[in-house]
Amino acid sequence: MEYPSRVMTIAGSAAGGSAGIQADLKTFQELDVYGMSTVTAIVGRHPKTNKNVHPISIEAIEAQFATAIEQVGMDGLKTGMLFSKEVIETVARLMKETEIEKIVVDPVMVGKLDSKLLEDDAIEAMKDQLIPLASIITPNVPEAAVLLDDRPLNSVSDLKEAAVDLHKLGADNVLVKGGRLEGPAIDVLYDGDTITTYEAPRIDTVNTSGAGCSYSAAIAAYMAKGLPINEAVGKAKGYVTTAIEHGFSYTEMVGPTYHAAERKYGEAFTIKIETN
Ligand code: PXL
């Protein structure tokens, strides 16, 4: 039997199941890769204290990563919520020590419900230590703006310029995701040479919690399976767009994307891919 490719997510636990580690592992399962996890923090609002982020010790982070490497091994990994400078430094060291080659860095900063998922003094560490190790980084509009010292991004041509400038931070590829602009959802990939755009129709829904996590997890999954990055991005965007189309909510709160949608209903969208 041929075993599935092995993918690690290093991210926060989102207790509601829509984002973070939970979204990543659901995505990995849907795309038939073997999922593993290193939890960096637990996100869940305490009803009495309102405390929302509960960090995990560096020792426990190292232990999880070491166990996965020893018991299983790794074909690729993605990072999500890392929360602190110290965690970023630890994760960068673990990446270097283990020489993992396929690395997706999703520079998660703020959740949809405004929880702060990265401390202010961690942004420089992310730029200097983590991003240079990445095969691809996947910022959304607000994250790209922060990484570019609060540059406003309002159009696809702004996204293209941002991708070219962010590439100078040292990642092999930059994907700036335009889902928060108006009009169709257009993402821009720059590999240091060529710009490729990926376009999906705008879906009229508020239930997109965890969409970014699931998208970067899907990119990591397809890369670990051996697809080149530009193809991995296209397939991942198809997967996440279908999951968004079938998003739902159990309550009045913003709900999850439907991770099983592509498997259940088939891929609903053709992603328009253009290279220029
Ligand atoms: O969607 C961003 C995100 C990532 N990681 C964790 C989260 C969230 C949003 O809430 O909780 C752990």
Side-chain angles (χ1 to χ4, degrees), residues 7-28 35-47 50-57 60-61 64-65 77-84 86-88 90-91 103-120 122-123 126 130 134 137-147 175-180 185 187 203 205-221 236-237 239-241 243-244 247-259:
V7 189
M8 158 68 72
T9 167
I10 307 178
S13 164
S18 61
I21 289 274
Q22 287 78 1
D24 294 344
L25 291 174
K26 290 173 192 184
T27 301
F28 292 162
M36 299 171 285
S37 61
T38 295
V39 181
T40 57
I42 293 173
V43 177
R45 195 175 298 283
H46 192 284
N50 264 341
K51 186 174 166 188
N52 194 31
V53 174
H54 310 266
I56 300 282
S57 72
I61 290 170
Q64 295 171 82
F65 192 84
L77 73 79
K78 72 151 276 188
T79 66
M81 171 189 182
L82 299 176
F83 192 55
S84 70
E86 220 186 350
V87 174
I88 290 175
T90 303
V91 168
I103 297 177
V104 180
V105 170
D106 188 9
V108 171
M109 294 181 190
V110 182
K112 290 220 167 53
L113 304 174
D114 281 343
S115 351
K116 194 159 189 168
L117 304 177
L118 186 70
E119 294 178 330
D120 293 336
I123 289 170
M126 178 170 277
L130 197 65
I137 61 171
T138 60
N140 58 22
V141 164
E143 290 157 356
V146 168
L147 293 172
L175 180 71
V176 184
K177 301 175 293 184
R180 296 191 189 204
D187 306 332
I203 293 162
T205 176
V206 295
N207 298 316
T208 58
S209 178
C213 306
S214 306
Y215 191 2
S216 59
I219 295 170
K237 189 166 174 73
Y239 170 80
V240 82
T241 305
I244 292 170
F248 60 94
S249 182
Y250 295 106
T251 64
E252 293 84 60
M253 299 186 65
V254 170
T257 69
Y258 188 30
H259 289 97

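One-based numbering, in listed order, for ligands and for the atoms of each. Below, all heavy atoms of this structure are taken into account, side chains as well, without hydrogens, waters or symmetry copies.
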*Asks:* List the atom of V254, the atom of V206, and the distance in Å for their closest heavy-atom pair.
*Replies:*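 Residues V254 and V206, closest heavy atoms: CG1-O, 3.2 Å.
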*Asks:* Which heavy atom of H259 sits nearest to which heavy atom of S214, and what is that distance?
*Replies:* NE2-OG, 2.8 Å
*Asks:* Output all residues satisfying side-chain hydrogen bond (donor to acceptor under 3.5 Å, both in side chains) with N52, sequence neighbours left out; order by chain, then residue number.
*Replies:* S115
*Asks:* State the atoms of ligand 1, each with its element, that fall below the 4.0 Å cut-off from a heavy-atom position in G12.
*Replies:* 12 (C)
*Asks:* Give the atoms of ligand 1, by number and element, whose distance to some non-hydrogen atom of M81 is under 4.0 Å.
*Replies:*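 Close to M81: 5 (N), 12 (C).
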*Asks:* Measure the distances from the heavy atoms of C213 to every atom of ligand 1 and state whether one is below 4.0 angstrom.
*Replies:* yes
*Asks:* For ligand 1, does L117 get within less than 4.0 Å through its side chain, its backbone, both, or neither, judged by non-hydrogen atoms?
*Replies:*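 Side chain only.
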*Asks:* Would you name the heavy atoms of G12 and Q22 that are closest together and state the gap between them?
*Replies:*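 Result for this residue pair: O-OE1, 4.3 Å.
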*Asks:* Below 4.0 angstrom from a heavy atom of V43, which ligand 1 atoms are there? Numbered from 1 as shown, please.
*Replies:*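 So the atoms of ligand 1 that pass are 11 (O), 12 (C).
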*Asks:* Would you mind listing every salt bridge (Lys or Arg N to Asp or Glu O under 4.0 Å) that reaches into residues 137-146, with sequence neighbours excluded?
*Replies:* none
